Each structure stands twice: as structure tokens, then as C-alpha cells.
Visitor: 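The structure that follows is given in the form of C-alpha cells.
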Number of protein chains: 2
Amino acid sequence: MSNSYIDDEKIINRLYEIHRRTVPKFESCTGISQTRLELLHELYEVEEISQRALQKKVNIDHAAVTRHLKQLEDKGMVIRRKDPKDQRFTYVSLSEEGRLKIIHYREEKERFISGVLHDFSAKERKTLLEMLTRIQHNIEHFE
Amino acid sequence: MSNSYIDDEKIINRLYEIHRRTVPKFESCTGISQTRLELLHELYEVEEISQRALQKKVNIDHAAVTRHLKQLEDKGMVIRRKDPKDQRFTYVSLSEEGRLKIIHYREEKERFISGVLHDFSAKERKTLLEMLTRIQHNIEHFE
DNA sequence: GCTCAATAATTGATACGTCAACTAATATAA
DNA sequence: TTATATTAGTTGACGTATCAATTATTGAGC
């Protein structure tokens with residue numbers, strides 16, 4: 001008697017479309033991809049960290065982490081070195097240049113986010129975050 | 001005086017992560033990707049449609065539409081033919097097999113969505129959809 | 001000490017979305 | 001009617017995420 005499933009479907013489709021629209025917009029606004037900025041931000045918060053620990057923080061695939069860090073190293077934003085005590089570990093840290101650049105990126109990100117949420121009240125933001133957290137939990141524990 | 005920006009950032013990061021987690025889960029649960037199922041669903045609703053019109057409905061890049069349809073054609077789920085009146089247009093329709101298979105896919109999709117939203121009340125779902133719609137609008141009109 | 005398991009990182013294969021460049025067909029305007 | 005613009009579709013290059021397989025190093029059990 002209700003059209004509730006139709007609306008549920010819209011929610012999932014909306015999530016999908018938001019993502020697709022966000023990716024290019026985020027990068028054109030900030031000058032860097034969301035994932036890469038997240039990696040840099042984690043590095044910003046610490047002196048040095050192993051790739052493994054970093055990967056656990058950002059929670060994306062090892063392979064992607066390796067590739068991003070290599071490219072960031074090529075750009076001179078990041079420094080990587082092997083742990084002399086345990087050669088399996090690679091430690092990563094921000095270069096001076098990286099540390100400077102990230103500030104600008106983060107300002108742009110803040111501007112972007114403000115735009116995306118500009119018409120949301122503090123209460124709505126809270127509700128939304130809480131709902132998204134539940135969805136994420138449900139997805140991870142589904143099946 | 002508030003930590004509101006931190007939370008805003010969490011919202012955006014959550015959206016990103018939800019997407020990343022959903023993509024593989026959706027496909028392993030339903031047996032097909034979200035985009036492809038959306039294409040098939042649109043085809044299910046009509047007798048025949050041009051690729052151009054279909055592309056406008058699902059709102060993804062032309063190139064992606066072409067590739068999906070070619071692959072679906074190879075799998076025998078879709079039939080494509082040129083418009084004899086205007087050879088620029090390619091019309092697409094579901095094959096018998098496609099029409100049968102899509103039913104199963106959609107059942108699985110429904111099960112997936114139910115799982116993801118199982119602890120949301122009808123009111124919450126409504127609120128969520130409304131919020132996501134606003135976000136999508138904001139992203140599209142940003143800058 | 002030596003074999004085998006565990007761990008970190010890397011590489012390869014695959015998927016899919018974007019943009020840009022291109023082809024082919026049709027419409028328009030001089 | 002002939003040159004030019006527009007439109008639909010295709011293809012190529014690129015970025016980036018996933019999973020699976022591989023390499024290199026270290027740890028554990030015998």
C-alpha cells in the first residue's frame with residue numbers, strides 16, 4: 001500500500017549519483033583528489049607513519065595506497081624510507097613542500113564542503129552524519 | 001567555538017566511504033553493477049529507446065553508456081539497431097532473456113537495499129532522501 | 001638453525017567513470 | 001546546392017578502486 005521501496009531505491013541511487021558528481025567537482029575545486037588529500041591529511045597529523053598503519057586509517061586497498069604514495073613521492077610531497085629495524089615496513093612522512101601545500105588544499109576543501117552543506121542547519125548536519133554512519137555500518141555488516 | 005567543520009568533513013568523507021564500500025558489495029549481492037542494472041531497469045520500462053535518450057535518463061557519460069550497452073549486447077541481454085529514418089540514432093531494447101534476468105537482479109537489489117536501510121523508520125527515510133536531494137542539488141550548482 | 005607461517009609492500013588484471021577527439025549522418029543557411 | 005554546424009555514437013587516454021598473486025622480510029615452532 002506504500003511506495004516506500006521506490007523511495008528506498010531513490011536513496012541508494014542518490015548516494016551513487018552524489019558520489020559521481022562529487023569526484024570531478026571536488027578535484028576541480030581543490031586541485032587534488034579526495035583520497036589523496038585524506039592521505040596527506042593523515043600524514044599532516046603525525047611525524048611519520050608506516051604505510052600499513054596509514055592504510056588502516058584511511059581504509060582503502062593496500063594497492064591504492066602504494067600507488068598514491070609513489071605518485072606523491074614523485075611530486076616531492078612525501079618522503080618514504082624503509083624501517084632499518086624491519087625492512088618490511090616503509091615509513092612515510094610529509095616533505096616541507098607537502099606540508100606547505102596541504103594548507104591551501106584544505107582551505108579549498110573547507111570552501112567546497114561549506115558550499116555543499118550551506119543550507120543545512122547544525123541539527124540537520126548532526127542528523128545526517130548519524131544516519132550516514134548507520135548506513136555505513138549496515139553495509140559493512142550486511143550478509 | 002564549535003567543532004562543526006570537523007563534522008561536516010565527516011559527512012563528506014562518510015559519503016565517499018559509503019560509495020566505496022557499496023560498489024563491491026552491491027555487485028557481489030546482486031550479481032550485477034548498480035549502473036548496469038539501472039540501464040536495464042530503464043529499458044524494462046519502455047519498449048525501445050535511443051541511446052541518447054537513455055543516457056539522459058541515467059545521466060552518466062555517453063562513453064560509459066556505449067560500452068555498457070555493447071557488453072550487454074554481447075551477453076545477449078540487449079538488442080541494438082539503427083534507426084532507418086536517421087542513421088545517427090541507435091535504438092536499444094531488452095531481449096527476452098534480459099527481461100527475464102532483470103527480475104532476479106531486482107529482487108536481489110531490493111534485498112540489498114532493505115538490509116542497508118533496515119533500521120530506518122519511514123520518517124527517517126523520508127528525511128534522508130530529502131537531505132540527499134538537497135546535497136545533490138548543491139553540488140550541481142556549486143561555483 | 002631451519003622450515004614454514006605471517007606480514008608489508010608491490011605488481012598485474014580488471015572494471016568503470018571522465019574528458020577529449022573523432023566519425024558518420026543529418027540539418028541549416030548562403 | 002554546397003559548405004558549415006549540429007548531433008549520436010564510438011574510441012582513446014587517463015585516473016583510481018578492487019581483488020588476486022607475488023616478492024621480500026621477519027617470526028615461531030620443532
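As the structure is a prediction and not an experimental result, all values here were calculated from the model. By convention in this document, chain letters (A, B, ...) are assigned in the order of the sequence lines, proteins followed by strands, and residues within each chain are numbered from 1.
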Visitor: Taking only the side-chain nitrogens and oxygens of A:Lys85, find out if one of them lies under 4.0 Å from OP1 or OP2 of D:dT26.
Guide: no
Visitor: Side chain of B:Thr35 only, heavy atoms from C-beta on: which candidate in C:dT18, D:dT18, C:dG17 is closest?
Guide: C:dG17
Visitor: Taking atom CD as the centre, does A:Glu45 end up with more than 12 heavy-atom neighbours from other residues, nucleotides or ligands that are less than 6.0 angstrom away?
Guide: yes
Visitor: What is the separation between atom CD1 on B:Ile60 and atom P on C:dC19, rounded to the nearest whole Å?
Guide: 12 Å
Visitor: Do the side-chain N or O atoms of A:Arg67 get closer than 4.0 angstrom to the phosphate oxygens (OP1, OP2) of C:dG12?
Guide: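 The answer is no; no side-chain N or O of A:Arg67 sits under 4.0 Å from OP1 or OP2.
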Visitor: Whole-Å distance between D:dA17 C1' and A:His68 NE2?
Guide: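 Taking atom C1' of D:dA17 as the reference, NE2 of A:His68 is at 8 Å.
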Visitor: Respond yes when some side-chain nitrogen or oxygen of B:Arg36 is under 4.0 Å from OP1 or OP2 of C:dC16, and no when none is.
Guide: yes
Visitor: If each of A:Ala64 and A:Asp83 is mapped to the nucleotide of DNA chain D with the nearest heavy atom, which maps nearer the 5' terminus, i.e. the 5' end?
Guide: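 Mapping each residue to its closest nucleotide by heavy atoms, the 5'-most match is A:Ala64.
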Visitor: Should B:Gln71 and B:Val78 count as side-chain neighbours, where that means a heavy-atom distance under 4.5 Å?
Guide: no
Visitor: Is it true that A:Asp119 and B:Arg134 have a side-chain N and a carboxylate O under 4.0 angstrom from each other?
Guide: yes
Visitor: Measuring to OP1 and OP2 of D:dG15, would you say a side-chain N or O of A:Ser33 lies under 4.0 angstrom away?
Guide: no
Visitor: Whole angstrom is fine here: how far is it from CZ in A:Phe89 over to P in C:dT10?
Guide: 13 Å
Visitor: Looking at CZ of B:Phe112 and CG of A:Asp8, how far apart are the two atoms once the value is rounded to the nearest 0.5 Å?
Guide: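 Between B:Phe112 CZ and A:Asp8 CG, I get 12.5 Å after rounding to 0.5 Å.
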Visitor: Charged N to carboxylate O below 4.0 Å: is that the case for B:Glu17 and B:Arg14?
Guide: no
Visitor: Check the phosphate of C:dA9 against A:Thr66, side-chain N and O only, distance under 4.0 Å to OP1 or OP2. Yes or no?
Guide: no
Visitor: Can you confirm whether B:Leu94 sits close enough to B:Lys101 that some side-chain heavy atom of one is under 4.5 Å from a side-chain heavy atom of the other?
Guide: no
Visitor: May I ask you to evaluate whether B:His62 reaches the phosphate of C:dG17, defined as a side-chain N or O under 4.0 Å from OP1 or OP2?
Guide: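 No.
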Visitor: With side chains defined as the heavy atoms from C-beta onward, is the minimum distance between B:Thr22 and B:Val116 less than 4.5 Å?
Guide: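 When only atoms from C-beta onward are counted, B:Val116 and B:Thr22 do not touch, as no gap falls below 4.5 Å.
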Visitor: Would you please test B:Glu73 and B:Lys70 for salt bridge (charged side-chain N to carboxylate O under 4.0 Å, His left out) and show each step?
Guide: CA-CA 5 Å; B:Glu73 190 182 33; B:Lys70 281 191 161 185; over 6 Å; no
Visitor: How do A:Ala63 and A:Asp86 order along DNA chain D: which one's closest nucleotide is nearer the 5' end?
Guide: A:Ala63
Visitor: NZ of B:Lys82 versus C1' of C:dA25: gap in Å, rounded?
Guide: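 For the pair B:Lys82 NZ and C:dA25 C1', the rounded distance is 8 Å.
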Visitor: Which residues, if any, of residues 15-28 of chain B bring a heavy atom under 4.0 Å of DNA chain C?
Guide: none
Visitor: Between residues 46-55 of chain A and DNA chain C, which residues have a heavy-atom gap below 4.0 Å?
Guide: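 Those residues are A:Gln51, A:Arg52.
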Visitor: To the nearest Å, how far apart are B:Ile139 CD1 and C:dT18 P?
Guide: 14 Å
Visitor: With a 4.5 Å limit on heavy-atom distance, are the side chains of A:Glu9 and B:Arg106 in contact?
Guide: yes
Visitor: Would you mind reading off the distance between A:Asn59 atom CG and D:dC19 atom P, rounded to a whole angstrom?
Guide: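 About 11 Å, once rounded to whole Å.
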Visitor: Starting at CD of B:Gln87 and ending at P of D:dT10, how long is that distance when rounded to a whole Å?
Guide: 13 Å
Visitor: What integer distance in Å separates A:Asp61:CG from C:dG12:P?
Guide: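 Checked: the CG to P distance equals 16 Å.
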Visitor: Side chain of A:Gln71: nearest nucleotide among C:dC16, D:dT16, C:dG17?
Guide: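 Nucleotide nearest to A:Gln71's side chain: D:dT16.
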Visitor: Report yes if some heavy atom in the side chain of B:Arg52 is under 4.5 Å from a heavy atom in the side chain of B:Arg88; otherwise report no.
Guide: no
